[in-house]
S.K.: 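Can you read through this structure? Questions will come right after.
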2 protein chains.
Amino acid sequence: MTTVLIVDDQPLQRYGFHLLLDSVPETDVVGEAAHGAEAVRKAAELRPDVVLMDVRMPGMDGIEATRRIVAAGGRSHVLVLTTFDLDEYVHAAIRAGASGFLLKDARPEELLAGIRAVASGDAVIAPALTRRLLDEFAQYVPAHRGDAAEDPRLVSLTDREREILVAVGKGWTNGEIAARFVLSESTVKTHVGRVLAKIGARDRIQAVIFAYDHGLARPNAD
Amino acid sequence: MTTVLIVDDQPLQRYGFHLLLDSVPETDVVGEAAHGAEAVRKAAELRPDVVLMDVRMPGMDGIEATRRIVAAGGRSHVLVLTTFDLDEYVHAAIRAGASGFLLKDARPEELLAGIRAVASGDAVIAPALTRRLLDEFAQYVPAHRGDAAEDPRLVSLTDREREILVAVGKGWTNGEIAARFVLSESTVKTHVGRVLAKIGARDRIQAVIFAYDHGLARPNAD
DNA sequence: GGGCGCGTAGTACCGCGGTACTACGTGGCC
DNA sequence: GGCCACGTAGTACCGCGGTACTACGCGCCC
């Protein structure tokens, strides 16, 4: 049995979803919320398996509510619904930690399949949006393990040197690296020097860029 | 009517798909191929709406075949199928231009829905894979105009300072920036200093990291 | 006019980073 | 045994980077 919390500012919309979910035995609507703040509160209180979240709402919007619900760490998975397939919404929702993104004009069985998938920890995206998402993904993931492994400069690094490069990629100074790795600063300098030579970087700054370009360092926005 | 080309090295597998697709009126299997090269040839010849592509095949694999079919520019959309949900396959397939990625243990209706979506120009991904894809996506597209605009540190930068930060993000030295911007090195230093203070970085290395984290610098693998 | 934000530019100082060495212990391989 | 790769460590030197100032011209607004 999958417990669901319905979040939408329009009562009629909520009613429609409620009817649909009641029509199948596997889902159980445990609550409704009309805006973001109420959604966050009820999600914490009812701990539903799935939160059916509308994006556009007065007050706290669905994105922010999603962020807070996900951040709260419960096991609730958020399935975001919208009438508009704007890229910004999709991006924001993904970054907020949503497990799915469907359009409101989805067929009932699609919605139910989505809820099922999300409840089991998987994720779903409306086919119409997936196309654009894949195009972007192909752009943004240039050299993730694969091309990276083929880069002769990267494979020429020893394990230790790779560790050092990762540390450099975090922005640590030689002194900090020495401290964390329990080494002398001289040793760190030796390693860094060898890394720079091997990857063809003139200074640690280009090493940081190299690390990002080759997936050794990961963006970690704040 | 959706025309389909089935590509798989195992005759039994092809047979199974053929039977399934024949069981519904909307799809029409127009051909079969047992390996990558044959798939590329037949795709060009038969011009199917959808190519049902197995990844693992002797000789030219499904990824390479997908790349060539997509590159050929026909209107065929490739739906990749695999028994293994390895990330590398998914990434490679997406980069190759595949329109979809499903697991072979998908239910028949899922497969048919996938073919339908792909034929109409949309894209589909198996829910089990979407989860990980979204996680990665959230990392790789950190600040696609949105959170970036919300970051007070970023908006506090003047236009000039933002330009300087981008230049720093490229790994340029103060001297290089001065040369390219036609400025004195002193001026560059002044700007860099102000940027560091505003974004809360102690040195240009952390500024580079900041730039990457906030989408001012883009991975540009070689 | 006077303030203010911004871009420009300078001087002086210090320290971290990078280079160019040398050096030694360890483990693996021929 | 001897060689080699690797990780460790040191010294010496120089220069870029960062800081702390000061300064001035320009456009804008009260």
S.K.: Extract from the structure each pairing of a protein N or O with an N or O of nucleotides 9-15 of chain C at less than 3.5 Å, listing the distance.
M.R.:
residue : atom : partner : partner atom : Å
C/dA9   : OP2  : B/S184  : N            : 2.8
C/dA9   : OP2  : B/T187  : OG1          : 3.0
C/dA9   : O5'  : B/T187  : OG1          : 3.3
C/dG10  : OP2  : B/S184  : OG           : 3.3

S.K.: What is the distance, to the nearest angstrom, from the CG atom on B/D203 to the P atom on D/dG18?
M.R.: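 B/D203 atom CG is separated from D/dG18 atom P by 6 Å.
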
S.K.: Using a heavy-atom distance cut-off of less than 4.0 Å, which residues of residues 166-174 of chain B contact DNA chain C?
M.R.: none

S.K.: Report the distance from atom NZ of A/K198 to atom P of C/dG18, rounded to the nearest whole Å.
M.R.: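 Interatomic distance, NZ of A/K198 to P of C/dG18: 17 Å.
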
S.K.: Should the pair B/E110-B/R107 be classified as a salt bridge under the 4.0 Å nitrogen-to-oxygen rule?
M.R.: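 Looking at B/E110 and B/R107, the cut-off is met.
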
S.K.: Roughly, in whole Å, what's the span from CZ in A/R160 to C1' in D/dC6?
M.R.: 11 Å

S.K.: Take the protein atom CG of B/L165 and the nucleotide atom P of D/dG18, then report the distance between them rounded to whole Å.
M.R.: 12 Å

S.K.: Roughly how far, to the nearest 0.5 Å, is the CG atom of A/L52 from the CG atom of A/D8?
M.R.: 8.5 Å

S.K.: Looking at residues at least two apart in the chain, or sitting in another chain, which of them share a side-chain contact (heavy atoms from CB on, under 4.5 Å) with B/K189?
M.R.: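 Listed in chain order: B/N174.
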
S.K.: Roughly how many Å is it from CD1 in A/I177 to C1' in D/dG7, rounded to a whole number?
M.R.: 15 Å

S.K.: Of all residues at least two apart in sequence or in a different chain, which pass the side-chain contact (heavy atoms from CB on, under 4.5 Å) check with B/I177?
M.R.: B/I164, B/A167, B/V168, B/W172, B/F181, B/V188, B/R204

S.K.: Between B/E38 and B/R14, does any side-chain N to carboxylate O distance fall below 4.0 Å?
M.R.: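 The answer is no: the pair does not qualify as a salt bridge.
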
S.K.: Do A/K104 and A/D54 sit within salt-bridge range, that is, some charged N less than 4.0 Å from a carboxylate O?
M.R.: yes

S.K.: Below 4.0 angstrom, N of the basic side chain to O of the carboxylate: do B/R202 and A/E176 qualify?
M.R.: yes

S.K.: What is the bend of the helix from C/dG1-D/dC30 to C/dC30-D/dG1 when you compare the axis at one end with the axis at the other, using five pairs each and rounding to 10°?
M.R.: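 Computed from the C1' atoms at both ends, the axes differ by 30°.
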
S.K.: Could you tell me how far apart B/E163 (CD) and C/dC6 (P) are, to the nearest whole angstrom?
M.R.: 14 Å

S.K.: Distance check needed: C/dC6 P versus B/I164 CD1, whole Å only.
M.R.: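 Answer to the nearest Å: 15 Å.
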
S.K.: Can you check whether A/R202 has a side-chain N or O nearer than 4.0 Å to OP1 or OP2 of C/dT19?
M.R.: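 So the side-chain polar atoms of A/R202 never come under 4.0 Å of the phosphate oxygens OP1 or OP2 of C/dT19.
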
S.K.: Should we say atom CZ of B/R56 is surrounded by more than 12 heavy atoms from elsewhere, each under 6.0 Å from it?
M.R.: no

S.K.: Mind checking side-chain contact (heavy atoms from CB on, under 4.5 Å) for B/P127 and listing every partner two or more places apart, or none if nothing turns up?
M.R.: A/A117, A/D122, A/V124

S.K.: In terms of side-chain geometry, is the basic nitrogen of B/R67 or B/E64 positioned less than 4.0 Å from the acidic oxygen of its partner?
M.R.: yes

S.K.: If you check every side-chain atom of B/V192, which of C/dT19, D/dG18, C/dG17 has the closest atom?
M.R.: D/dG18

S.K.: Do A/R75 and A/D49 meet the salt-bridge criterion of a basic N to acidic O distance under 4.0 Å?
M.R.: yes

S.K.: Taking CG from A/D159 and C1' from C/dG27, how many angstroms apart are they, rounded to a whole number?
M.R.: 15 Å

